[in-house]
Amino acid sequence: MNLESLLHDRLAPAFAAVAGHPVDPAVRASPHADFQSGAALGLARELGRPPREIAAEVAAAADLAGIADVAVSGPGFLNLTLTGDLIDAALRAAAADERLGVAPVTAPERIVVDYSGPNVAKEMHVGHLRSTIIGDALARTYEWLGHDVIRVNHLGDWGTPFGMLVEHLVDLGGGSDHSIGDLTAFYQAARVKFDTDDDFRTRARLRVVALQSGDPLSRDLWRELVARSEQYFLDVYARLGVTLGPDDFAGESRYQGDLDAVVAGLTEKGLLTESDGALCAFPAGFTGRDGAPLPLIVRKADGGFGYAATDLAAVRHRVGKLGADRMLYVVGSPQRIHFQMVFAVAREAGWLPDDVIAEHIGFGSILGSDGKMLKSRAGDTIKLAALLDEAVARATAPAVGIGAIKYADLSGDRMGDYVFDWDRMLASTGNTGPYLQYAHARIRSLFAKAGSGPGEVAVTEPAERDLALALLGFEPAVRAAAASAEPHRLAVHLHGLAMAFSAFWERCPVLRAEGSVRASRLGLADLTARTLHTGMFLLGIEAPDQI
RNA sequence: GCGCUCGUAGCUCAGCGGAUAGAGCAGUGGACUUCUAAUCCACCGGUCGCAGGUUCGAAUCCUGCCGGGCGCGCCA
């Protein structure tokens with residue numbers, strides 16, 4: 001149940017009656033009561049009356065019987081204090097519902113979420129962490145709310161590096177698993193040869209041509225590389241608890257057949273200009289260093305296609321074939337302008353209708369303790385696998401270590417940078433994954449000993465009431481996270497819920513209570529566990545029964 | 001130079017138009033015959049980068065500065 005909406009709906013008619021027109025009651029959580037409405041303040045000038053008088057009139061007119069006690073406060077606020085009956089009823093309704101009282105959206109959208117997108121033949125590294133974690137949390141959240149989510153893993157599986165990689169594979173004698181071995185070593189060996197061996201470099205260039213023109217051997221070896229990499233990615237996703245699966249891979253190679261059509265389409269619309277031999281689009285409103293129009297390079301001077309062409313083809317495909325109502329690109333902030341330009345060109349080309357939303361979901365960097373981009377001590381990029389190994393080694397259990405990393409990534413505003421700090425993220429207290437897991441596990445242990453299940457909730461103690469309000473704040477938190485594509489809104493709420501539960505735990509004995517009090521507290525505990533479990537599930541964080 | 005983004009307590013961060021700006025960590029002082037003390041309670045701690053503006057009301061919106069990060073034609 002969404003209490004804010006309920007209060008909003010009850011106050012709106014009263015405000016409309018007093019003001020003579022519709023007014024947003026502006027119901028918010030309040031430090032002075034459960035909720036407050038400050039709308040009377042804004043009406044004072046218009047109505048030429050003191051705000052407290054307006055507030056009093058609204059309070060008298062509003063139908064809040066059985067829902068909340070209302071009082072005029074301060075300069076003209078309405079303080080709203082929920083009745084015990086309403087709280088009990090709302091908790092019972094949530095407890096009786098598998099979805100905790102959160103109804104699916106009434107108008108489901110088809111939402112394409114593009115995230116993770118690692119490069120074939122390279123190991124995943126910390127640079128892929130945030131996109132993978134944030135994207136997965138968003139996909140899970142939208143899906144749970146009832147949207148039709150299509151996950152897209154836009155692999156870097158095409159382009160000039162693959163001439164080099166395939167040629168290297170040929171040198172090693174073909175495509176058996178053993179010849180590829182460690183992906184990073186394989187890539188680096190190819191790279192070294194490419195940089196130092198003229199003959200190899202020439203063969204690599206020819207191999208690109210062969211690959212792109214469909215030479216069977218080249219294609220087979222390329223496919224082997226892709227397959228190997230995909231299996232490796234899936235292993236990482238399994239460790240991370242990320243829901244990307246084998247059917248979600250849709251790499252750049254998939255759009256190669258569409259690129260000529262992209263160029264043709266843009267040409268037909270008169271959107272392409274030749275500049276220094278390259279075909280460029282110049283969407284309105286983008287300027288570069290010298291104030292000149294900023295180009296989106298669709299086809300390079302050498303005739304090859306850049307990523308802009310692929311991204312445009314992907315937009316076309318996602319709108320035209322996948323039927324997207326909304327597309328989210330969970331990609332780091334540095335690419336913000338690129339995507340804005342892609343979206344702008346796609347709109348001009350007619351591939352992105354006005355009623356389809358395309359959003360770049362940017363995020364900040366992960367920093368080391370020195371305040372710079374996170375690197376290993378030697379200054380290299382840190383492999384994701386190594387990071388996960390360390391998390392597991394440092395934590396009491398794999399789920400705790402992995403959960404700590406994921407929660408640290410999701411608990412702050414995604415646009416900000418954050419400092420990667422093992423001690424802080426693994427701490428059992430504070431706004432951390434382990435704290436949430438601990439709160440959940442405590443409840444599970446309670447039921448392991450209780451000998452009876454949850455009963456009907458009837459809130460009496462202040463700590464129970466605080467917990468109840470936190471529980472009822474779950475729905476608004478999930479909807480807020482979804483509305484702004486900001487998982488931290490849910491994460492912060494879950495931390496507050498866990499804190500409210502801890503306070504309840506200290507002050508309100510459960511198993512030592514008797515009769516209906518014991519049953520009610522078990523009911524509160526159970527609802528808390530289920531809410532934490534669901535919320536953590538939406539963030540992609542495991543909630544073990546024991547820690 | 002232009003653009004994007006971030007500047008809130010010693011540290012890490014919420015809050016993003018409403019009443020005395022909130023948490024956590026660190027610090028100080030308490031609480032274990034107790035359902036997981038991996039916890040809880042209290043205290044301490046802030047000219048919300050600076051200066052204007054809009055508003056009944058600004059950390060929140062606008063403008064201009066200052067400081068950090070990132071981008072700005074053939075890498076993705």
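Side-chain atoms are counted along with the backbone in the values below, which use heavy atoms only and exclude waters and symmetry mates. The sequence lines fix the lettering, A, B, ..., with proteins before strands; numbering per chain opens at 1.
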Visitor: Would you tell me if any nitrogen or oxygen in the side chain of A/His495 comes within less than 4.0 Å of OP1 or OP2 on B/C13?
Guide: no
Visitor: Considering only B/A23, B/C13, B/C16, which nucleotide approaches the side chain of A/Arg489 most closely?
Guide: B/C16
Visitor: To the nearest Å, give me how far apart CZ (A/Arg424) and P (B/U12) are.
Guide: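 The distance from CZ of A/Arg424 to P of B/U12 comes to 7 Å, rounded to the nearest Å.
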Visitor: Ignoring the backbone of A/Ile337, work out which of B/G3, B/G73, B/C40 is nearest its side chain.
Guide: B/G3
Visitor: Hey, does A/Val510 reach any base, or is it just sugar-phosphate, or nothing, if we go heavy atoms under 4.0 Å?
Guide: base
Visitor: Would you indicate what A/Leu296 reaches in the nucleic acid, counting non-hydrogen atoms under 4.0 angstrom: base, sugar-phosphate, or nothing?
Guide: nothing
Visitor: Do the rings of A/Phe420 and A/Trp422 sit parallel, tilted or perpendicular, given the 30° and 60° boundaries?
Guide: perpendicular
Visitor: Do the side-chain N and O atoms of A/Glu123 and A/Tyr187 include a donor-acceptor pair separated by under 3.5 angstrom?
Guide: no
Visitor: Give a yes or no on whether a donor-acceptor pair under 3.5 Å exists between the nucleobase atoms of B/A19, that is its base, and the side chain of A/Gln36.
Guide: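 Per atom types, the contact qualifies.
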Visitor: In whole Å, I'd like the distance from the NE2 atom of A/His338 to the P atom of B/C72.
Guide: 12 Å
Visitor: Under 4.0 Å, counting only non-hydrogen atoms across every strand here, what does A/Leu294 touch: a base, just sugar-phosphate, or nothing?
Guide: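 Contact class for A/Leu294: sugar-phosphate only.
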Visitor: Would you kindly give the CG-to-P distance between A/Leu490 and B/G15, to the nearest whole Å?
Guide: 13 Å
Visitor: I want to verify a distance call: between B/C56, B/G73, B/A19, whose nearest atom is closest to the A/Ser30 side chain?
Guide: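 Among B/C56, B/G73, B/A19, the one nearest the side chain of A/Ser30 is B/A19.
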Visitor: Answer yes or no: is there a donor N or O on one side and an acceptor on the other, between the side chain of A/Ser520 and the main chain of A/Val457, under 3.5 Å?
Guide: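 Such a contact is absent between A/Ser520 side chain and A/Val457 backbone.
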Visitor: Does A/Pro334 reach a base, just sugar-phosphate, or nothing at all? Heavy atoms under 4.0 Å.
Guide: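 If one applies the 4.0 Å heavy-atom cut-off, A/Pro334 turns out to touch the sugar-phosphate alone, with no base involved.
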Visitor: Distance check needed: B/G71 P versus A/Arg289 CZ, whole Å only.
Guide: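 The distance from CZ of A/Arg289 to P of B/G71 comes to 11 Å, rounded to the nearest Å.
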Visitor: If you measure from the Lys or Arg side-chain nitrogens to the Asp or Glu carboxylate oxygens, is any gap between A/Arg28 and A/Glu4 under 4.0 Å?
Guide: no
Visitor: Answer yes if the side chains of A/Glu475 and A/His493 hold a donor-acceptor pair under 3.5 Å, and no otherwise.
Guide: no
Visitor: Could you state the CE-P distance from A/Met341 to B/G71, rounded to the nearest angstrom?
Guide: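 The answer, rounded to whole Å, is 16 Å.
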Visitor: Expressed as a whole number of angstroms, how long is the span from A/Gln546:CD to B/A38:P?
Guide: 15 Å
Visitor: Quickly work out the A/His493 NE2 to B/A23 P distance and round it to whole Å.
Guide: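 Result: 16 Å.
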Visitor: Anti or syn, where syn is a glycosidic angle within 90° of 0; which label fits B/G73?
Guide: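 This nucleotide is in syn.
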Visitor: Going by modelled atom types, is there a donor-acceptor pair between the base of B/A14 and the side chain of A/Ser411 at under 3.5 Å?
Guide: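 When only heavy-atom distances are counted, A/Ser411 does not reach the base of B/A14 through any donor-acceptor pair under 3.5 Å.
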Visitor: Give a yes or no answer on whether the side chain of A/Glu274 reaches the backbone of A/Ala301 with a donor-acceptor pair at less than 3.5 Å.
Guide: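 No, A/Glu274 side chain to A/Ala301 backbone: no donor-acceptor pair under 3.5 Å.
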Visitor: Output, in order, the C-alpha distance, side-chain angles, deciding distance and verdict of side-chain contact (heavy atoms from CB on, under 4.5 Å) for A/Thr460 and A/Arg465.
Guide: CA-CA 7 Å; A/Thr460 55; A/Arg465 197 172 187 285; over 6 Å; no
Visitor: Is the phosphate of B/C25, meaning OP1 or OP2, less than 4.0 Å from a side-chain N or O of A/Thr429?
Guide: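 So the side-chain polar atoms of A/Thr429 do come within 4.0 Å of the phosphate oxygens OP1 or OP2 of B/C25, strictly under.
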Visitor: Using only modelled atom types and a 3.5 angstrom limit, is any donor from either the side chain of A/Asp423 or the base of B/A26 paired with an acceptor on the other?
Guide: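 Result: no qualifying N/O pair found.
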Visitor: Has A/Phe77 got its ring stacked on the base of B/A19, with centres under 5.5 Å and planes less than 30° apart?
Guide: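 Yes, A/Phe77 stacks on the base of B/A19.
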Visitor: Counting only side-chain N and O atoms of A/Ser73, is one of them less than 4.0 Å from OP1 or OP2 of B/A19?
Guide: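 Answer is no, no contact under 4.0 Å.
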Visitor: Check this for me: does any side-chain nitrogen of one of A/Asp409 and A/Arg414 sit under 4.0 Å from a carboxylate oxygen of the other?
Guide: no
Visitor: Could you please name the option among B/C56, B/G24, B/U5 that lies closest to any side-chain atom of A/Met499?
Guide: B/G24
Visitor: Could you state the NZ-P distance from A/Lys300 to B/C75, rounded to the nearest angstrom?
Guide: 5 Å
Visitor: With sugar-phosphate meaning primed atoms plus P, OP1 and OP2, does A/Gly156 contact a base, only sugar-phosphate, or nothing at under 4.0 Å between heavy atoms?
Guide: nothing
Visitor: Could you please name the option among B/C40, B/U5, B/A37 that lies closest to any side-chain atom of A/Trp505?
Guide: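 Closest nucleotide to the A/Trp505 side chain: B/A37.
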Visitor: Nearest to the side chain of A/Tyr435 - B/C2, B/C40, B/G18?
Guide: B/C40
Visitor: Is it true that atom CD of A/Gln546 has more than 12 heavy atoms of other residues, nucleotides or ligands lying nearer than 6.0 Å?
Guide: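 12 or below, so no.
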Visitor: Between B/G73, B/C4, B/A38, which nucleotide has the shortest distance from any of its atoms to the side chain of A/Arg336?
Guide: B/C4
Visitor: If you write RNA chain B from 5' to 3' in dot-bracket form, with Watson-Crick or G-U pairs under 3.5 Å, [ ] for crossing pairs and | for pairs with another strand, what do you get?
Guide: (((((((..((((....[...)))).(((((.......))))).....(((((..]....))))))))))))....
Visitor: Between B/A38, B/A19, B/C40, spot the one nearest the side chain of A/Asn79, thanks.
Guide: B/A19
Visitor: Side chain of A/Arg442: nearest nucleotide among B/U39, B/C56, B/G15?
Guide: B/U39
Visitor: Given B/U55, B/C13, B/G73, identify the nucleotide with an atom nearest to the side chain of A/Ser275.
Guide: B/G73
